[in-house]
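Data first, discussion second: the structure below is written as structure tokens.
Please read all numbers here as calculations on a predicted model, not as lab measurements.
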Amino acid sequence: MNERLEVSRLIPAPASAVFAVLTDPQGHVDIDASGMLMDAEGERVTQAGDRFVVHMDRQALGDRPLGKYDVEVVITKLVPDQEIAWTVEGRLRPHVRHIYGYRLEPAEDGTRVTSYYDWSELSDEWKERLTFPVVPESALKATLGILERTVRRRAA
């Protein structure tokens with residue numbers, strides 16, 4: 001069973017412009033295609049271990065009656081202009097520990113951006129309790145399109 005999704009898109013911008021959106025807590029809200037991220041609080045992330053708060057509303061997915069709640073995004077990997085990854089900590093214990101991230105690779109006409117979502121390290125308990133992937137592949141693809149638009153607008 002595949003426990004990782006990856007989708008890619010060429011974004012006609014330098015990696016630094018893409019990374020600026022991905023390290024900004026509000027940038028996560030701006031590019032979210034799932035409809036769950038309502039707002040964010042916190043400083044731009046600069047290293048693994050950095051955290052920020054995201055105000056969520058699970059109603060957009062219609063899968064669990066969680067209503068509005070907050071989570072903390074915990075950066076697990078950050079290589080400037082190359083990769084950022086994070087997990088989410090919320091009310092559920094132990095924390096689920098699925099990983100979201102982006103890899104950026106230089107390309108002739110910009111930056112090849114790969115969005116990934118990995119739940120391979122989850123315990124069997126979580127795999128039985130929740131349905132994965134929480135965020136479908138279509139949302140990852142849509143987020144890349146919104147990311148391109150956001151990068152273009154921020155550069156203007």
Side-chain angles (χ1 to χ4, degrees), residues 2-64 66-91 95-119 131-156:
N2 187 16
E3 296 177 324
R4 182 181 178 99
L5 296 175
E6 286 196 11
V7 297
S8 296
R9 180 185 183 111
L10 178 66
I11 295 182
S16 59
V18 175
F19 210 70
V21 173
L22 299 175
T23 56
D24 174 7
Q26 193 61 48
H28 286 245
V29 177
D30 293 345
I31 68 171
D32 171 50
S34 74
M36 291 189 298
L37 282 68
M38 298 288 108
D39 201 3
E41 296 176 30
E43 301 297 317
R44 181 176 301 279
V45 296
T46 60
Q47 62 188 353
D50 283 356
R51 296 168 174 261
F52 59 89
V53 174
V54 177
H55 306 294
M56 307 286 290
D57 185 349
R58 190 67 175 247
Q59 183 176 342
L61 291 184
D63 64 341
R64 296 200 175 272
L66 297 176
K68 294 182 179 174
Y69 59 100
D70 290 345
V71 298
E72 255 192 313
V73 169
V74 182
I75 304 301
T76 59
K77 184 173 191 176
L78 192 146
V79 180
D81 300 341
Q82 293 179 30
E83 187 168 7
I84 184 171
W86 64 92
T87 190
V88 177
E89 293 182 355
R91 297 186 300 210
H95 298 300
V96 179
R97 297 284 182 218
H98 42 172
I99 302 291
Y100 298 89
Y102 291 90
R103 280 192 322 275
L104 286 62
E105 302 168 88
E108 186 175 325
D109 295 325
T111 305
R112 167 117 352 243
V113 180
T114 300
S115 174
Y116 58 88
Y117 175 38
D118 190 312
W119 61 98
T131 302
F132 288 90
V134 172
V135 176
E137 184 176 359
S138 60
L140 294 183
K141 288 179 180 179
T143 293
L144 287 176
I146 299 167
L147 175 60
E148 179 176 338
R149 180 178 67 213
T150 303
V151 167
R152 188 173 54 245
R153 286 183 176 168
R154 287 186 178 195

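- In this structure, the side chains of V151 and R154 stay at 4.5 Å or more apart for every pair of heavy atoms.
- Between the side chain of D118 and the backbone N or O of R4 there is no donor-acceptor pair closer than 3.5 Å.
- One distance of note links OH of Y116 with CD1 of I99; it measures 7.5 Å at 0.5 Å rounding.
- Within the 6.0 Å centre-distance limit, the rings of H28 and F52 are counted as a close aromatic pair.
- A donor-acceptor pair under 3.5 Å is absent between the side-chain atoms of T87 and the main chain of V74, judged by distance alone.
- Note that CD1 of I146 and CG of D32 are 7.0 Å apart. Values are rounded to the nearest 0.5 Å.
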**OP:** Would you please test M56 and K68 for side-chain contact (heavy atoms from CB on, under 4.5 Å) and show each step?
**Re:** CA-CA 6 Å; M56 307 286 290; K68 294 182 179 174; over 6 Å; no
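- A 4.5 Å side-chain heavy-atom check between E41 and H55 finds at least one atom pair inside the cut-off.
- For E43, the CD atom counts as loosely surrounded, since its 6.0 Å shell holds 12 or fewer non-hydrogen atoms of other residues, nucleotides or ligands.
- With contacts defined as side-chain heavy-atom distances shorter than 4.5 Å, the pair E72/V54 does not qualify.
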**OP:** Could you give me the CA-CA distance, side-chain angles and deciding distance for R97 and E89, then say whether side-chain contact (heavy atoms from CB on, under 4.5 Å) is met?
**Re:** CA-CA 8 Å; R97 297 284 182 218; E89 293 182 355; 2.8 Å; yes
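- Of all non-hydrogen atoms in L22 and I84, the two that sit nearest each other are O-CD1, 3.4 Å.
- For the atom pair CG (D24) and OG1 (T150), the distance works out to 10.5 Å, reported to the nearest 0.5 Å.
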Original post:
Run the side-chain contact (heavy atoms from CB on, under 4.5 Å) check on K141 and L144 step by step: do they pass?
Top reply: CA-CA 5 Å; K141 288 179 180 179; L144 287 176; 5.8 Å; no
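- A pairwise comparison of heavy atoms in A48 and L78 identifies N-CB, 4.2 Å as the closest pair.
- Of all non-hydrogen atoms in G90 and V71, the two that sit nearest each other are CA-CG1, 4.2 Å.
- Side chain to side chain, Y102 and Q82 fail the donor-acceptor criterion of an N or O pair below 3.5 Å.
- No salt bridge links R103 with E83; every basic N to acidic carboxylate O contact stays at or beyond 4.0 Å.
- Y117 and F132 have tilted rings, their planes meeting at an angle from 30° to 60° on a 0 to 90° scale.
- Atom CD1 of I31 and atom CG of L147 lie 5.0 Å apart (nearest 0.5 Å).
- The shortest side-chain heavy-atom distance between M38 and V29 does not fall under the 4.5 Å cut-off.
- Between the side chains of R44 and T23, a donor-acceptor pair is found at a separation under 3.5 Å.
- The closest donor-acceptor contact from the side chain of T111 to the backbone of A13 lies under 3.5 Å.
- Between L104 and V113, the shortest heavy-atom contact is CG-CG2, 4.4 Å.
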Original post:
Can D30 and V21 be said to form a side-chain contact (heavy atoms from CB on, under 4.5 Å), step by step?
Top reply: CA-CA 9 Å; D30 293 345; V21 173; 5.8 Å; no
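- Counting heavy atoms from C-beta on, the side chains of D39 and Q26 come closer than 4.5 Å.
- The minimum heavy-atom distance between G101 and W86, with the atom names listed, is CA-CZ3, 4.0 Å.
- The pair R112-E105 does not count as a salt bridge, with every side-chain nitrogen at least 4.0 angstrom from each carboxylate oxygen.
- Here the shortest heavy-atom pairing between F19 and V79 reads CZ-O, 3.5 Å.
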